[in-house]
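For reference, the structure discussed in these notes is given below.
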Amino acid sequence: MFFDGAANFKGVGIRAVLVSETGQHYPVSAKLRFPCTNNMAEYEACILGQRLAIDMNVQELLVTEVSDLLVHQVLGEWDTKNTKILPYLHCVQELVKRFTMIEFKYVPRIQNEFVDALATLSSMIQHPDKNFIDPIPIEIHKQPTYCAHVEEESDGNPWFYDIKEYLAKGEYP
């Protein structure tokens, strides 16, 4: 998985690309409509990519990133006391638990050029004929990713099941 986030005067954009063992590319991109720093955007992009991998039932994942800071923080090699980054770091660490094997690796920016190019226009990138690129869905996020994360209940019921039962029966299950 490659990912990247960028915050500038025009706004904030995040993108991630999963690349299968056969070379199939699965890109995803989102525009953020809340104020954030470049580091926050990097974490948003990482979470976006991890969730895409989870949705696709990926069990083993190599995460490559051009941000030395993010990689070392996730690996626990560098600490952060930044209150804006800590919730992101905790969210990434929780998502890591969903994989049987996950490795984070720093790569030079030149090896992350496809994800960088998504910021402009992914359809203009030239790829070998053997790689097919699916359409890129663009989402609008109005709050940080870690705020909207709700885990599925372990009993198989949706998160609102107990509330529904309480309203129907008038007693807490």
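Keep in mind that what you see is a predicted model, and the values were worked out from it rather than measured.
- Looking at every heavy atom in both residues, C91 comes nearest to R51 through SG-NH2, 4.0 Å.
- The line from OH of Y43 to CG of L69 is 6.0 Å long, rounded to the nearest 0.5 Å.
- In this structure a side-chain-to-backbone donor-acceptor pair under 3.5 Å is present from T100 to Q59.
- No side-chain N or O of E42 forms a donor-acceptor pair with one of Y88 less than 3.5 Å apart.
- Residues L62 and K105 are in side-chain contact: their nearest non-hydrogen atoms beyond the backbone lie under 4.5 Å apart.
- L61 and L75 fall within a single hydrophobic cluster, where Ile, Leu, Val, Met, Phe, Trp and Tyr are joined by side-chain heavy atoms under 4.5 Å apart, directly or via other members.
- Listed for the H72 side chain is no donor-acceptor partner under 3.5 Å among the backbone atoms of L70.
- Using a 4.5 Å heavy-atom cutoff, the side chains of E60 and F99 are not in contact.
- Considering CD1 of I102 and CD of Q50, their distance stands at 5.0 Å, rounded to 0.5 Å.
- Between L52 and the choices V58, I47, V28, V17, the side-chain contact (heavy atoms from CB on, under 4.5 Å) rule is met once, by V28.
- Going from atom CZ of F3 over to atom CZ of R15 covers 11.5 Å, rounded to the nearest 0.5 Å.
- With hydrophobic clusters built from ILVMFWY side chains whose heavy atoms lie under 4.5 angstrom apart, I54 shares a cluster with L48.
- Taking CD of E103 as the reference point, atom CE of M1 lies at 12.5 Å (rounded to 0.5 Å).
- Across I14 and A41, no two heavy atoms sit closer than the pair CG2-O, 3.3 Å.
- Scanning all heavy atoms of the two residues, the minimum distance from Q73 to D79 falls at NE2-O, 4.3 Å.
- Hydrophobic clustering (side-chain heavy atoms under 4.5 Å, transitive across Ile, Leu, Val, Met, Phe, Trp, Tyr) keeps M101 apart from V96.
- Going from atom OG1 of T64 over to atom CZ of F104 covers 10.5 Å, rounded to the nearest 0.5 Å.
- The distance from atom CG of L18 to atom CG of D55, rounded to the nearest 0.5 Å, is 10.0 Å.
- Heavy-atom minimum distance, A45 versus G5: CB-N, 4.1 Å.
- Contact detail for Q93 and V74: the closest heavy-atom pair is NE2-O, 4.0 Å.
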